[in-house]
Amino acid sequence: MNRSAKPFLDQDAPGSTIGRRPGGPVDLPVWRELCAHRDELAATSLTELFAADPRRGTVMSAEYDGLVLDYSKNTVTEHTLDLLVRLATERGLRAGIDAMIAGDHINTTEDRAVLHTALRAPVAGALSPAGAQVSPAVHEVLDRMSDFADRVRAGRWCGATGRPIRTVVNIGIGGSDLGPAMAYRALSELADAGIEARFVSNIDGHDITRTLGDLDPETTLFVVSSKTFTTVETLTNARTARQWLLDRLDDPDAVAKHFVAVSTNAEQVAAFGIDPANMFEFWDWVGGRYSLWSAIGLSLMIAVGPGQFRELLAGAHGMDSHFRSAPFEQNLPVLLGLLGIWHRNFRGAQAYAVLPYDQRLSRLPAYLQQLDMESNGKSVDRDGDRVAVDTAPIIWGEPGTNGQHAFFQMLHQGTTPVPCDFIGVLEPAHDLREHHDLLMANLFAQTRALAFGAADDPGDRPPHRWFPGNRSTNTILLPRLTARTLGRLVALYEHKVFVQGWIWGVNSFDQWGVELGKTLATRIHDELRSDRQPGFDSSTDALIMRYRNARESNTAARTSAAQLEER
Ligand code: F6P
């Protein structure tokens, strides 16, 4: 089977070039060489590759400031890597990295620069003139955030009744939720001011109901986070939170003390009723899923303090510098991206698992899902032509060892290859040494079993106990999980996604694929409340009718229950 065949598409986008113009990655001779090399290597196992070179386990690794990527347990040779590096070079990756950092409008469909790297550069450390140009505004907001966070943390910013803030509730969704939620969970040991952060994202009323259930309005601060400030979920949750507050404090002026906003849209923030003085700004050159480093991180900063937040930025900035300057052969994001391309485009992997062996990183897979799949889940390239290669895989994962008792069966014996990243932390933040030894033993055991099958326990096995091995994994090790190493890790993945998107030729920074569902939801929302015949397809119409009937009887039941109670 030729795994470099065109990807499946139901229908070509109108205007896209059916049959493709030449100029994509598959048109490069190196792509064909990679296909031929894949076929040559098809019968070679990881066991054989390791036997052929006893140094493989140490040679096939790269390190940046203590963050180690061991990629030796991938079905690759030095020649594979040479070819992949050639692919990156011939696809102009170096120029692509420079264009992003220089602030070129590489987000072509929205005509925007992509400058999240400028959010984490120190005052005098901009990576480009464009970075230097935005730096004063970036640091002005960072300083305002720090000042605000310090006041909240020290009890100098109090609620309307004069009590200090004990809980900060971030209301946002997607990139305005996942970044701070993931990082807060990772770093909550550092939350040293007695302020808890909570995150509400879902339009499902259970989310906000549960979040607010045990909170004291007098000590609760809401951070309404939305780049556009038009996102229905966020605005609906924010209105519900405001009503919750007003119902309990009975003081319209309380909103000013309990609500701040993070947005690019000052007009909509004012229209919502939040004083623009209490708004923290960011800019259209920050993509939602790349916005953790902007004011979107405010709730995290309040919990862990401005010093730790700046450590996070410094960690990411270090990875930016490494990405920009390290040779591709030693460049962690480039290597991670190229290995992913090898599996996705040449070895038929449709999915990719991220398996943090650290409970603190439990939201990392969800965060990376948005980062990767919203960035590179595209079928049309930057010129509007249909892509000729498979793009983003399905990203999923759970922390180890939990995943081992759930879906690892499929990883070991299933019919679909799933390359994985195993992420481990050498030194835990607790004293339970036995736990940590067992955790790390499991991580190492899993990657060994996936690579070599039952090599440690040979002998006759019935087919259902057979482990084929030869399943590729990366192992990423951090010395400790700190704000700085977390920043490094997240920036590593951001740039990995960039590498892949650039090579595939897609715009990694737009997300038009989410628009249709939003528009339809608005139309269907209207239909749920009307008594017209809906007029969609027969399935959607029938589902709407079922919901309407249930809604009517629920409302009737609630009304009579309320009447009974009144009597
Ligand atoms: O619907 C997708 C999306 O636009 C994401 O890209 C974004 O992170 C999220 O919604 C939230 O958007 P906003 O920050 O504008 O509320």
Side-chain angles (χ1 to χ4, degrees), residues 106-116 119 141 145 169-184 199-204 207-208 222-242 259-272 274 279-300 363-378 392 395 490 493-494 497-498 501 506-525:
I106 60 171
N107 178 355
T108 45
T109 59
E110 296 178 309
D111 192 18
R112 287 177 184 167
V114 174
L115 270 174
H116 49 277
L119 296 170
V141 173
M145 288 166 65
V169 179
N170 184 77
I171 301 179
I173 198 165
S176 299
D177 164 72
L178 286 164
M182 175 275 293
Y184 174 71
F199 297 85
V200 174
S201 55
N202 203 329
I203 191 71
D204 179 353
D207 196 8
I208 194 155
F222 294 96
V223 178
V224 186
S225 297
S226 174
K227 179 175 170 180
T228 55
F229 230 78
T230 58
T231 304
V232 173
E233 290 91 334
T234 300
L235 293 188
T236 307
N237 278 324
R239 277 192 294 270
T240 300
R242 183 174 55 189
F259 276 80
V260 297
V262 176
S263 188
T264 59
N265 191 342
E267 219 172 284
Q268 287 299 322
V269 169
F272 180 84
I274 296 178
M279 169 180 147
F280 298 86
E281 187 192 4
F282 67 115
W283 306 272
D284 70 1
W285 42 262
V286 183
R289 52 196 174 273
Y290 299 86
S291 65
L292 163 63
W293 328 97
S294 71
I296 290 292
L298 183 62
S299 51
L300 172 71
R363 288 297 281 165
L364 185 68
Y367 175 82
L368 295 180
Q369 253 167 11
Q370 186 199 17
L371 180 64
D372 202 316
M373 294 168 81
E374 202 175 68
S375 295
N376 287 341
K378 314 277 164 74
I395 303 285
V490 176
Y493 276 102
E494 282 184 351
V497 167
F498 177 83
V506 299
N507 177 0
S508 302
F509 300 101
D510 62 9
Q511 56 284 321
W512 297 104
V514 301
E515 292 305 320
L516 178 61
K518 289 184 193 176
T519 315
L520 267 174
T522 308
R523 280 180 55 200
I524 292 178
H525 183 232

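Counting starts at 1 for both ligands and their atoms, in listed order.
- Scanning all protein heavy atoms for the shortest distance to atom 15 (O) of ligand 1 gives T228 OG1, 2.6 Å.
- The environment of CD in E515 is crowded: more than 12 heavy-atom neighbours from other residues, nucleotides or ligands sit within 6.0 Å.
- D510 CG to D111 CG: the interatomic distance, rounded to the nearest 0.5 Å, is 12.0 Å.
- The nearest heavy-atom contact from the protein to atom 6 (O) of ligand 1 is E374 OE1, 2.8 Å.
- Within the 4.0 Å heavy-atom shell around ligand 1 one does not find E233.
- Contacts of Q511 with ligand 1, taken as heavy-atom pairs under 4.0 Å, involve the side chain alone.
- The line from CD1 of I171 to CG of L235 is 10.0 Å long, rounded to the nearest 0.5 Å.
- Interface atoms of ligand 1 facing S176, defined by a heavy-atom separation under 4.0 Å, are 13 (P), 14 (O).
- Using a 4.5 Å heavy-atom cutoff, the side chains of Y493 and I395 are not in contact.
- Residue G175 has at least one nitrogen or oxygen atom sitting less than 3.5 Å from a nitrogen or oxygen atom of ligand 1, judged on distance alone.
- With a 4.5 Å cut-off on side-chain heavy atoms, I208 and V169 do not count as touching.
- For ligand 1, the atoms sitting less than 4.0 Å from at least one non-hydrogen atom of V514 are 1 (O), 2 (C), numbered in the order shown with element in parentheses.
- Those atoms of ligand 1 with a heavy atom of Q370 less than 4.0 angstrom away are 5 (C), 6 (O), 8 (O).
- Put simply, CD1 on I296 and CG on N170 are 7.0 Å apart, with the number rounded to the nearest 0.5 Å.
- The structure places CG of D284 at 7.0 Å from OG1 of T264, a figure rounded to the nearest 0.5 Å.
- The cationic atom of R242 (NZ for Lys, CZ for Arg) lies less than 6.0 Å from the six-membered ring centre of F272 and within 45° of the ring axis.
- The closest non-hydrogen atom to atom 13 (P) of ligand 1, taken over T230, T231, I296, comes from T231.
- Here the heavy atom of the protein found nearest to atom 9 (C) of ligand 1 is I173 O, 3.6 Å.
- When only non-hydrogen protein atoms are considered, atom 10 (O) of ligand 1 lies nearest to K518 NZ, 4.5 Å.
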